[in-house]
Amino acid sequence: MKHLKHYLLAVVAAVLFSACGTTRTVPLTGRKQNLMISDQEVLSLSATEYSKYMASAKKSTNATNTAMVQRVGQKLANAVQTYLTNNGYANELSNYAWEFNLVQDNSINAFCMPGGKIVVYEGLLPITQDEASLAVVLGHEIAHAVANHSAEQMSKQIKQQYGLQIGTAVAGALGMGQNTQSIAQIIAQQGLQFRNLKYSRDHETEADHMGLIFAAMAGYDPNVAVTFWQRMAASSGGGTAEFLSDHPSDETRINNIKNKFLAEALKYYTGPTTTTTTTKKAAKANSGTKTIKISSKKK
């Protein structure tokens with residue numbers, strides 16, 4: 001009888017989650033995902049977190065590099081919006097209010113918040129070295145937003161939390177009268193933030209795949225991705241063993257690009273775009289950092 005009770009609770013949980021979630025198809029890859037949190041809720045929470053971050057961050061004083069980040073980012077945003085419009089995702093365009101900032105931080109990092117708020121750290125530029133390589137990174141970050149990876153990862157956390165609490169509380173939080181406040185409470189209880197949300201290796205690989213295509217769509221040669229990630233690998237001193245990390249290893253990432261993603265990305269590449277290299281002064285100032293954090297979050 002006890003086992004039957006547990007079984008029935010599991011069935012109720014499965015029905016509840018499937019009924020309350022929404023199914024979405026990821027652009028480009030066609031992967032199906034189940035989301036327990038709406039676009040409106042994600043964007044509201046993201047806007048609040050982004051505003052707090054930018055209030056404490058220091059924007060770069062390097063006008064040349066700031067302009068480069070904004071130029072590359074806007075080209076990618078334009079390419080993404082064109083793709084979404086032409087492939088049945090026009091209704092999602094209202095979710096993005098693109099913004100691109102270069103901040104004073106020597107960490108090798110960049111992130112894109114849901115809604116299209118992109119931040120690049122100055123420490124990344126000595127590794128990217130030119131616009132095309134920067135486009136590879138920003139394409140990866142934008143892909144996390146376009147693929148709704150934040151909402152998907154939060155949905156996973158919500159399911160895990162409420163999987164042990166079947167009852168009216170679950171129904172209230174996830175099904176009936178769902179609102180931003182209830183989701184915000186769940187996220188707060190889990191200590192989740194968009195900037196430090198850990199994505200799965202599958203998410204990271206999907207972002208590599210989509211991001212390379214976005215860079216190509218924007219007119220940047222996707223071939224530079226190989227040498228860029230090789231520079232990243234050299235800077236990391238070997239990095240963390242893949243089985244200990246949420247990210248693919250450098251070797252796996254490079255092999256995926258060479259053998260799986262590059263040929264497809266090149267189909268979207270119609271020709272070269274003008275590139276600008278990072279100013280030597282900024283590169284020299286930031287060349288000492290060894291922190292490797294390429295993701296859609298701040299660690």
Side-chain angles (χ1 to χ4, degrees), residues 22 24-31 33-54 69-70 72-85 87-103 109-121 124 134-157 183 187 192-200 202-218 220 246-247 293-299:
T22 58
R24 176 180 180 267
T25 301
V26 177
L28 283 176
T29 67
R31 182 176 64 85
Q33 57 186 179
N34 183 259
L35 304 176
M36 310 298 294
I37 176 170
S38 70
D39 290 339
Q40 291 73 26
E41 289 159 341
V42 169
L43 295 175
S44 176
L45 294 167
S46 173
T48 299
E49 185 179 330
Y50 178 74
S51 295
K52 289 180 179 178
Y53 171 80
M54 289 306 302
V69 168
Q70 293 174 343
V72 174
Q74 193 58 57
K75 285 183 179 180
L76 284 161
N78 292 342
V80 167
Q81 291 187 162
T82 298
Y83 175 83
L84 294 178
T85 299
N87 290 274
Y89 294 90
N91 62 315
E92 296 188 7
L93 293 179
S94 60
N95 292 339
Y96 302 101
W98 302 99
E99 186 175 325
F100 310 94
N101 284 294
L102 179 65
V103 299
N109 195 18
F111 64 83
C112 178
M113 300 282 280
K117 307 300 185 184
I118 293 97
V119 173
V120 176
Y121 293 20
L124 174 67
L134 178 61
V136 169
V137 177
L138 295 190
H140 173 99
E141 300 304 331
I142 289 172
H144 279 306
V146 173
N148 275 8
H149 286 162
S150 292
E152 191 171 16
Q153 192 65 16
M154 286 183 174
S155 297
K156 178 181 177 181
Q157 295 289 339
I183 296 297
I187 291 172
L192 298 175
Q193 285 185 309
F194 290 104
R195 290 182 291 113
N196 63 12
L197 198 64
K198 283 192 173 183
Y199 297 119
S200 68
D202 288 341
H203 282 168
E204 291 296 336
T205 300
E206 186 171 58
D208 283 345
H209 179 192
M210 295 173 63
L212 202 62
I213 292 175
F214 289 153
M217 287 178 177
Y220 294 103
D246 290 314
H247 292 247
K293 296 181 180 178
I294 297 297
S295 62
S296 263
K297 62 272 183 188
K298 177 184 175 185
K299 293 185 179 178

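Hydrogens, waters and symmetry mates play no part in the numbers below; they use all other heavy atoms, side chains included.
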Next item on the list: Write down the atom of A79, the atom of F214, and the distance for their closest heavy-atom approach.
Entry: CB-O, 4.3 Å

Notebook entry, point to check: Out of curiosity, H203 NE2 to Q153 CD, how far, rounded to the nearest 0.5 Å?
Noted result: 6.0 Å

Next item on the list: Nearest 0.5 Å please: distance from the CD1 atom of I118 over to the CD1 atom of I142.
Entry: 4.5 Å

Margin query: Rounded to the nearest 0.5 Å, what separates atom CD in E141 from atom CG in N109?
Written below: 7.0 Å

Note to self: As an exercise, state the distance from OG1 of T82 to CE of M217, rounded to the nearest 0.5 Å.
What the structure shows: 9.0 Å

Notebook entry, point to check: Hey, what's the ring geometry for H140 with H144, parallel, tilted or perpendicular (30° and 60° as the breaks)?
Noted result: perpendicular

Note to self: Looking at every non-hydrogen atom in both residues, tell me the closest pair between Y53 and V103 and how far apart they are.
What the structure shows: OH-CG2, 3.7 Å

Checklist line | All ring-ring contact (aromatic ring centres under 6.0 Å, His included) counterparts of Y83, not counting sequence neighbours | finding: none

Checklist line | Side chains of N101 and Y50, donor plus acceptor under 3.5 Å | finding: yes

Next item on the list: Compare every heavy atom of Y89 with every heavy atom of N87, then report the nearest pair and how far apart it is.
Entry: O-CD1, 3.2 Å

Margin query: For M36, is there any backbone N or O sitting under 3.5 Å from a side-chain donor or acceptor partner on S155?
Written below: yes

Item checked: Distance (rounded to the nearest 0.5 Å) between E92 CD and T85 OG1 -> 10.5 Å

Notebook entry, point to check: S46 side chain to P114 main-chain N or O, any donor-acceptor pair under 3.5 Å?
Noted result: yes

Item checked: Heavy-atom pair with the smallest gap, counting every atom of F100 and A77 -> CZ-CB, 4.0 Å

Check: Can you check side-chain contact (heavy atoms from CB on, under 4.5 Å) on Y220 and L138, steps first, answer last?
Finding: CA-CA 12 Å; Y220 294 103; L138 295 190; over 6 Å; no

Item checked: side chain to side chain contact (heavy atoms under 4.5 Å, CB included) against E206, all qualifying residues, sequence neighbours excluded -> V26, T29, R31, A147, H149, M210

Note to self: The criterion is side chain to side chain donor-acceptor pair (under 3.5 Å); which residues satisfy it with Q74, sequence neighbours excluded?
What the structure shows: N78

Checklist line | Check: S44 side chain, Q40 main-chain N or O, donor-acceptor pair, under 3.5 Å | finding: no

Next item on the list: Return the set of residues passing side chain to side chain donor-acceptor pair (under 3.5 Å) with T25 (not counting sequence neighbours), or none when no residue passes.
Entry: K32

Checklist line | Partner residues of D39 under the side chain to side chain contact (heavy atoms under 4.5 Å, CB included) criterion, sequence neighbours left out | finding: N95, N148

Check: When rounded to the nearest 0.5 angstrom, what is the spacing between CZ in R24 and CD in Q33?
Finding: 5.0 Å

